Number of protein chains: 2
Amino acid sequence: MKIRILLANDHAIIREGLRSLIERQADMEVVAETENGRSALQLARKLTPDVVLMDISMPGLNGIEATRQIVEGVPGARVIVLSMHSDKRFVAETLKAGASRYLLKDCAFEELASAIRSVMESGPYPRTRIGKTVIGKHAHPLKQDEHTVIAVLTPRERDVLQLMAEGKTTRNIASLLHVSVKTVETHRQHIMAKLDIHSIAELTKYAIREGLTSL
Amino acid sequence: MKIRILLANDHAIIREGLRSLIERQADMEVVAETENGRSALQLARKLTPDVVLMDISMPGLNGIEATRQIVEGVPGARVIVLSMHSDKRFVAETLKAGASRYLLKDCAFEELASAIRSVMESGPYPRTRIGKTVIGKHAHPLKQDEHTVIAVLTPRERDVLQLMAEGKTTRNIASLLHVSVKTVETHRQHIMAKLDIHSIAELTKYAIREGLTSL
DNA sequence: CGGAAGATCGGGTTATCCCCGATTGTTTCC
DNA sequence: GGAAACAATCGGGGATAACCCGATCTTCCG
């Protein structure tokens, strides 16, 4: 019995590409595809696929909300979200909505295929250990945030990083923290050394991902 | 003789999907694929493909600038841009950069295939009637985003902003764009003046919001 | 106690920032 | 068709900030 897959993605050519790749797998088949979240839900109810391959950004019902409703309303259906966003909050939202996996679009198809097989091996409702499973799963595409800011950076360094990511100058930060400019510079150097990030831009992105500042 | 195609797209799984679809066509073959604009240029120079299938948003050199340089530097190469942006100014910029076609990602693969064959039939430089052909193609989803980068910043300034937001230094950007450090500095000043943003951190956030770079 | 880690600062070198101006080519507009 | 505006390119030079080295002091813990 092949793994029955439903494709939900708003770009036709990407759906076709995925379908073409999936159909090369002997143990998988695409039972339907759709371009929006609402019909994804309807098709899932009607066809009860084993796996729904879901995009986040779709017109109408978005991927996260569609995931929530499919997981609740279609027994046995696992949802794998394929997204271009590596933002942690997207990931958290998606998993909270009941998705079994969260993969980035710059993963290889082989990773997707093994993710599909993997969620089939676990039961239909692997939600109890989603946290561990999935966080572990996307450890690589999210480029090693095993060591989150809290683990690696000291409290003072986090203060400095946050202010940097908010666009404050070194001098500004120094006066805000009531220390000398040199101290702030040292903190910044330590931050950059620890994270192996050597530009304000990348540091800002890191801080955003870690929730130290917002867009 | 098959049509020799170079794939440039920053998402691995989309590249694989496109490759899979293209390889089903008897008259086409994928000679190489890459995830960034700069190596697309290098590969195009080295392999002289018939068609470069280009994504707009790519790290390093973006698709528009890569298109410009490929059209100028690789005789006989036609560039077809595959984008998710239906914004008019993106289209205009892309075509001005010398692309032969501008297709949206929600087109069917069949449209892409016929576009590839079509640009092969016209000469290597069919730039004269690009306008009509392509504008007609994506006539449906045109929306004006007045407040985006496109309205305010010039193409070159967007290039610079993107590279800045990716953490490149001024010197680095200068060598990437083949201009002097002074030129990049001027662009940066213009960007900051136009946007009234005066820190790399805030500029990075702006670039992320505007889709010029990702987290 | 000894030693690691955190927070604080300084000196000197290098790079960047920011004001100015200047040239060339293209687009636009009356 | 010519003026005007814009875009892209570069340079000088002084102020500023970042970068790399090291150094002190405290705290905390085995």
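Scope of the values below: all heavy atoms of this structure, side chains included, with no hydrogens, waters or symmetry mates. Reminder, nothing fancy here: chain letters follow the sequence lines and each chain counts from 1. The shown structure was predicted, so the numbers you read here are calculated from the model rather than taken from an experiment.
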K.L.:
Send over the distance from Ile191(B) CD1 to dC17(C) P, rounded to a whole Å.
P.N.:
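Taking atom P of dC17(C) as the reference, CD1 of Ile191(B) is at 11 Å.
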K.L.:
For Ser118(B) and Arg101(B), does a side-chain donor sit closer than 3.5 Å to a side-chain acceptor?
P.N.:
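Yes, Arg101(B) and Ser118(B) have a side-chain donor paired with an acceptor closer than 3.5 Å.
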K.L.:
Return the nearest nucleotide to the side chain of Arg188(B); candidates are dC17(C), dA8(D), dC9(C).
P.N.:
dC17(C)
K.L.:
Tell me: CD of Glu185(A) to P of dT16(C), nearest whole Å?
P.N.:
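Result: 15 Å.
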K.L.:
Donor-acceptor pair, Arg78(B) side chain versus Gly76(B) backbone, under 3.5 Å?
P.N.:
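Yes, the answer is positive, given that a donor and an acceptor are paired below the 3.5 Å cut-off.
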K.L.:
Find the distance Gln189(B):CD to dG12(D):C1' and express it as a whole number of Å.
P.N.:
13 Å
K.L.:
Over how many whole Å does the gap from His198(B) atom NE2 to dA17(D) atom P extend?
P.N.:
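Spelled out: NE2 on His198(B) to P on dA17(D) is 15 Å.
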K.L.:
In this structure, are over 12 heavy atoms from other groups packed under 6.0 Å from Glu35(B) atom CD?
P.N.:
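Not buried by this count: 12 neighbours or fewer within 6.0 Å.
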K.L.:
Between P on dA7(D) and CG on Asp159(B), what's the gap in Å once rounded to a whole number?
P.N.:
14 Å
K.L.:
Expressed in angstrom and rounded to an integer, what is the separation of His190(B) atom NE2 from dA8(D) atom P?
P.N.:
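Those two atoms, NE2 and P, are 10 Å apart.
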K.L.:
Can a side chain N or O of Thr170(A) be found less than 4.0 Å away from OP1 or OP2 on dA18(D)?
P.N.:
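For dA18(D), OP1 or OP2 has a side-chain N or O of Thr170(A) closer than 4.0 Å.
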K.L.:
Counting just side-chain N and O atoms, does Thr183(B) come under 4.0 Å of either OP1 or OP2 of dC10(D)?
P.N.:
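Yes, such a contact exists.
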K.L.:
Checking contacts here: which listed nucleotide (dG11(D), dA17(D), dA8(D)) is nearest the side-chain heavy atoms of His187(B)?
P.N.:
dA8(D)
K.L.:
Salt bridge check, Glu16(A) against Arg19(A): does any charged N sit closer than 4.0 Å to a carboxylate O?
P.N.:
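Answer for the salt bridge query: no.
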K.L.:
Nearest whole Å is fine: how far is dA18(D) C1' from Glu202(A) CD?
P.N.:
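Going from Glu202(A) (CD) to dA18(D) (C1'), I get 18 Å.
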K.L.:
For the side chain of Arg156(B), counting heavy atoms from C-beta on, which of dT16(C), dC10(D), dT9(D) is nearest?
P.N.:
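Ranking dT16(C), dC10(D), dT9(D) by closest atom to the Arg156(B) side chain puts dT9(D) first.
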K.L.:
Between Glu157(A) and Arg188(A), does any NZ, NE, NH1 or NH2 come within less than 4.0 Å of an OD or OE carboxylate oxygen?
P.N.:
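Looking at Arg188(A) and Glu157(A), the cut-off is not met.
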K.L.:
For Ile173(A) and dA7(C), what is the distance between atoms CD1 and P respectively, to the nearest whole Å?
P.N.:
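Taking CD1 of Ile173(A) and P of dA7(C), I get 15 Å after rounding.
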K.L.:
Hey, is the side chain of Thr186(A) poking within less than 4.0 Å of OP1 or OP2 on dC9(C), counting only N and O atoms?
P.N.:
no
K.L.:
Assign each of Thr169(B) and Lys182(A) to its nearest nucleotide of DNA chain C by heavy atoms, then name whichever residue's nucleotide is nearer the 5' end.
P.N.:
Lys182(A)
